[in-house]
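One structure below.
In what follows, every heavy atom counts, from backbone to side chain, and hydrogens, waters and symmetry copies are set aside.
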Amino acid sequence: MLKKFQEALDKRKEAGILRTLKPKSAGIDFYSNDYLGLAGNKELQAQLLLKVQENPTLLSGSSGSRLISGNSTITDETEEYIAEQHQYPAALLFSSGYNANLALFSSLPDRHNTIIIDEQIHRSVHDACRMSHARKLKFRHNDPEDLESILKKQTGPCFIAIESLYSMDGDLAPLREIAALAKKYNAALIVDEAHAFGVFGYGLIEKCELQNDVFASVITYGKALGAHGAAVICDETVKSYLVNFASPFIYTTAAQDFLWMAIKTGYEFLKQKPELPEKLHQNIEIFRNQNIETPSSELSPIQAVLVTDNQQLRSLQKALFDNNFLTYAVYSPTVKEGTERLRICLHSFNTEKEIKQLTGIIKAFL
Ligand SMILES: Cc1ncc(COP(=O)(O)O)c(C=O)c1O
């Protein structure tokens, strides 16, 4: 058994794509999902610290799953608050976005249903599809025509899975067109807003006013909110169904109340600081004005620079690292072979000088 594992690892090592865990490096952050700098925001930390001092039981362990001993008034209140903020009837908290997607797609579709996914959907949805008994079909990335050609052929109930802002290409879904197709073919549209939340207000569903056309959405709190955890936003029936049938919700210990409090405080903080997303969008504009070729949206904090030669990609990342810039090189199998890229994440706290230095090095290299 071990021999088989070692061979697979050796193969990765030979290809130069062995994943290893390293402590966080010091440097200028162009790789984290902390788009608004909230993960280390001192003011937010002070607000949280005050809440913990007033109520130290926030730090207590939850002691069990939500259905046994792990539910609390704070959990319920946070869910109510989130639902209200997103103008949906209900919200259900999870300890991660991975778990939220796993819960949704493993439990809602049954063996008579079809899940139609964008080919670039996050891995958590693929894993959930493997847990469900439904049929999985893929449509071409961000291509409503291809989606419609698949929807036309279906006879049974369908779910459609998309992200509003894709994490690898940094491009936006044609949300209005896809929502219209979901309506036309009576399919349940589920939108993962992991990267859009906090960057575009509460996400693109809210921006496009599509609350009534989206069956459910996933908001994650480990990215722009700088915390951890996630919520499924949906109606009361879907929430109750997940509570009853979704294994990733039922069979796990609830998070500590501190997490739910951090999420609620994060929402309140976002309202106090409209200048943070404004600054982020100014930085995105500065980056885009440097004319680096990219498939990413001009509005996206994620900017992908395709470098399909692995050796060249490694050297580019190293050159940036040597100049104190932290970026993320994405190799296959995280992305399709031939679409390897340098993934740059922009933040509200990056400076114009840093962005220009970074892009200068990239341009000299390409
Ligand atoms: C689109 C998308 N969905 C879901 C997740 C998972 O969220 P979390 O990191 O909270 O588990 C991620 C993060 O990797 C993501 O990029």
Any donor and acceptor pair, going by atom type alone, linking the side chain of [X] with main-chain N or O of [Y] inside 3.5 Å?
| X | Y | value |
| --- | --- | --- |
| S62 | G70 | no |
| S106 | L102 | yes |
| E193 | I205 | yes |

Exercise for the section: Could you pull out all residues at least two apart from D322 that satisfy salt bridge (charged side-chain N to carboxylate O under 4.0 Å, His left out)? Expected result: K318
Determine all donor-acceptor pairs shorter than 3.5 Å in which one atom belongs to a side chain in residues 170-180; sequence neighbours excluded.
| unit_1 | atom_1 | unit_2 | atom_2 | d |
| --- | --- | --- | --- | --- |
| D171 | OD1 | H141 | NE2 | 3.2 |
| D171 | OD2 | H141 | NE2 | 2.7 |
| D171 | OD2 | N142 | ND2 | 3.3 |

Handout entry: Hydrophobic cluster partners of F105 (side-chain heavy atoms under 4.5 Å)
Key = L67, L92, F94, L104, L108, I115, I117, I121, V125, F159, I190, F215, V218, V232, V238, Y241, L242, V243, F245, F249, I250, Y251
Residue pair [X] / [Y], side-chain donor-acceptor N/O under 3.5 Å:
| X | Y | result |
| --- | --- | --- |
| T334 | R19 | yes |
| D10 | Q6 | yes |
| Y185 | E148 | yes |
| R341 | Q303 | no |

Considering only distance and modelled atom types, tabulate donor-acceptor pairs under 3.5 Å from the side chains of residues 356-366, sequence neighbours left out.
| unit_1 | atom_1 | unit_2 | atom_2 | d |
| --- | --- | --- | --- | --- |
| K356 | NZ | E352 | OE2 | 2.8 |
| T359 | OG1 | I355 | O | 2.8 |
| T359 | OG1 | K356 | O | 3.1 |
| K363 | NZ | Q290 | O | 2.8 |

Completion exercise
In short, side chain to side chain donor-acceptor pair (under 3.5 Å) pairs touching residues 272-286 with sequence neighbours left out are E43-K273, Q47-Q272
Problem - Row check, Y81 ring normal vs K264 NZ/CZ: under 6.0 Å, within 45° - result: yes
Exercise for the section: Using side-chain contact (heavy atoms from CB on, under 4.5 Å) as the criterion, list what pairs up with F349, not counting sequence neighbours. Expected result: D29, D34, H347
Exercise for the section: Determine whether Y35 and S348 make a side-chain contact, defined as any pair of heavy atoms from C-beta on separated by less than 4.5 Å. Expected result: no
Handout entry: Beyond-backbone contact of I150 with T114, side-chain heavy atoms, under 4.5 angstrom
Key = no
Exercise for the section: Using the six-membered ring wherever Trp is involved, compare the ring planes of Y267 and Y202 and label them parallel, tilted or perpendicular (cut-offs 30° and 60°). Expected result: perpendicular
Practice task
Please check if L137 and L147 belong to a single hydrophobic cluster, counting links between Ile, Leu, Val, Met, Phe, Trp and Tyr side chain heavy atoms closer than 4.5 Å.
Solution key: yes
Exercise for the section: For this output row, return yes or no: ring centroids of Y221 and F197 closer than 6.0 angstrom. Expected result: yes
Handout entry: Pairing of K3 and E7 as salt bridge, 4.0 angstrom limit
Key = yes
